[in-house]
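Chain naming here is simple, since letters A, B, ... match the order of the sequence lines and numbering starts at 1 in each.
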Protein chains: 2
Amino acid sequence: MPNNQFKKGELYSFVTGKASTAIARRLQKKFNAAGLNITIEQWSVLYHLWKEDGISQQELCNATFRDKPSITRLVDNLEKLQLVKRVASENDRRINRIHLTKQALKLQEQTMTLAEETLNDALDGVPSNQINLCKEVLQRVYDNLK
Amino acid sequence: MPNNQFKKGELYSFVTGKASTAIARRLQKKFNAAGLNITIEQWSVLYHLWKEDGISQQELCNATFRDKPSITRLVDNLEKLQLVKRVASENDRRINRIHLTKQALKLQEQTMTLAEETLNDALDGVPSNQINLCKEVLQRVYDNLK
DNA sequence: GGCATATAGTTAGTTAAACAACTAATCAAA
DNA sequence: TTTGATTAGTTGTTTAACTAACTATATGCC
């Protein structure tokens, strides 16, 4: 027996990710308002480099759930903005290690504050136990489709 | 006191909509496997036209949470595929009413079945009360940012 | 060593999203 | 009735996702 609890009229918003789109748009607006000249997608790459500088493009693919061409172009654009630098690995010359510039390190605190602000806006009035349950469900959805 | 329950490490997946992206990719693959030559975004426009044929581009903007240029281009591409036709309104000639073709009507049943299948895949093993709660939280997030 | 295979990354082409600037039609108010 | 504002839709530009086809380096096996 299928456990699909969605009436047809509700199917749409789940597939199209109405909520996460709204969150991303709000965060992008905060970046723009703060004069930060980066996209959410670029931020998502920096986000993982702040956690671990010098990881490879392939590792960025895994971390950000993007394919290789997407990461190639995001790194291209981040390089143009002088936020990262590609450094060919000594051991294995196929691999590019991506390193943050000083300029990118400066962005971390400010953008993380804006991201936390955005989540507080989004989750205003939602009890924390519901937030936790929702996170678990979304993780389960992701795992089911992996 | 903020109710942000997200540790920094979890911030990312909420902003980037990992789960909804996975759902959309899975559905796109099902479309491709079935030989259906449409994108998820095109399907989302057809979805609203199946509910009410002949609505305007502006109404499609509201229904799909997209801006006007996005709908202009989606309708362009759907017209090229001969799935819809723009018909200038008699009363108000600024308005295009978008009408489904016979070909598009045929797609409804098949794509809706695939979409329901996808949601069943995604929600496998998630109890229905948790699904309902999750839907409420995501709706609340959307409303908070609207 | 030499050849097949796998891995890392790039390039090309199509579709789409966001924003700004634009045209055309309608409406409203002097 | 003409002028100014509003509404519906289009066009141009940049960024990004996905697929497929590609290059270059590394690995494993004979």
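Among pairs with a residue in residues 84-126 of chain B, none fulfils ring pair (Phe, Tyr, Trp, His ring centres under 6.0 Å), at least two apart in sequence or across chains.
Residue contacts for R73(A): at a heavy-atom cut-off of 4.0 Å it reaches a base atom on one of the strands shown. Heavy atoms of Q28(A) sit nowhere under 4.0 angstrom from any nucleic acid atom. Residue contacts shown for D67(B) include a base, since a base heavy atom lies under 4.0 Å away. Residue-level contact check: L74(A) touches the backbone only, with heavy atoms under 4.0 Å from sugar-phosphate atoms and none from bases. Among the atoms of the strands shown, none is found under 4.0 Å from any heavy atom of D76(A). Nucleic acid contact class of N32(B) (heavy atoms, under 4.0 Å, all strands): none. Residue contacts for T39(B): at a heavy-atom cut-off of 4.0 Å it reaches the sugar-phosphate backbone alone, with no base atom in range.
Put simply, CD1 on I95(B) is 9 Å from P on dT26(C), counting in whole angstrom units. To the nearest angstrom, C1' of dT14(C) lies 12 Å from CG of L81(B). N62(B) places its CG atom 14 Å from the C1' atom of dG9(D), with the value rounded to the nearest Å. Here dT6(D) presents its C1' atom at 12 Å from CD of Q58(B), a figure rounded to the nearest Å. Put simply, CD1 on I98(A) is 10 Å from C1' on dG9(C), counting in whole angstrom units. If you take CG of L78(A) and C1' of dT15(D), they are 12 Å apart, rounded to a whole angstrom. One can place CG of N37(B) at 11 Å from C1' of dT14(C), the figure rounded to the nearest angstrom. Nucleotide dT15(C) holds its P atom 15 Å from the CD atom of E79(B), rounded to whole Å.
The residue among D92(A) and Q42(B) whose nearest nucleotide of DNA chain C is located toward the 5' end is D92(A). When the nearest nucleotides of DNA chain D are assigned to I71(B) and R66(A) by heavy-atom distance, the more 5′-ward of the two goes with I71(B).
Atom-to-atom distance recorded for L138(B):CG and E136(B):CD is 10.5 Å, nearest 0.5 angstrom. Separation of atoms OG (S89(B)) and CZ (R94(B)) is listed at 9.5 Å; rounding is to 0.5 Å.
Residue R94(A) places none of its side-chain N or O atoms closer than 4.0 Å to OP1 or OP2 of dT7(C). Contact annotation: T72(A) does not reach the phosphate of dG9(C) (side-chain N/O to OP1 or OP2, under 4.0 Å). OP1 or OP2 of dT10(C) has at least one side-chain nitrogen or oxygen of N96(A) nearer than 4.0 Å. One finds no side-chain N or O of Q57(B) lying less than 4.0 angstrom from the OP1 or OP2 phosphate oxygen of dT7(D).
When distances are taken from the side chain of T21(A) to each of dA18(C), dG9(C), dC18(D), the shortest belongs to dA18(C).
Between I98(A) and Q57(A), the shortest heavy-atom distance links the atoms CD1-CG, 3.8 Å. Closest heavy-atom contact between L81(A) and N37(A): CD1-O, 4.1 Å.
Not a single donor-acceptor pair, N or O on each side, falls under 3.5 Å between the base of dT25(D) and the side chain of R93(A). A donor and an acceptor atom never sit less than 3.5 Å apart when one is taken from the side chain of R86(B) and the other from the base of dA8(D).
Scored by the salt bridge (charged side-chain N to carboxylate O under 4.0 Å, His left out) test, E79(B) finds R86(B) as partners (sequence neighbours excluded).
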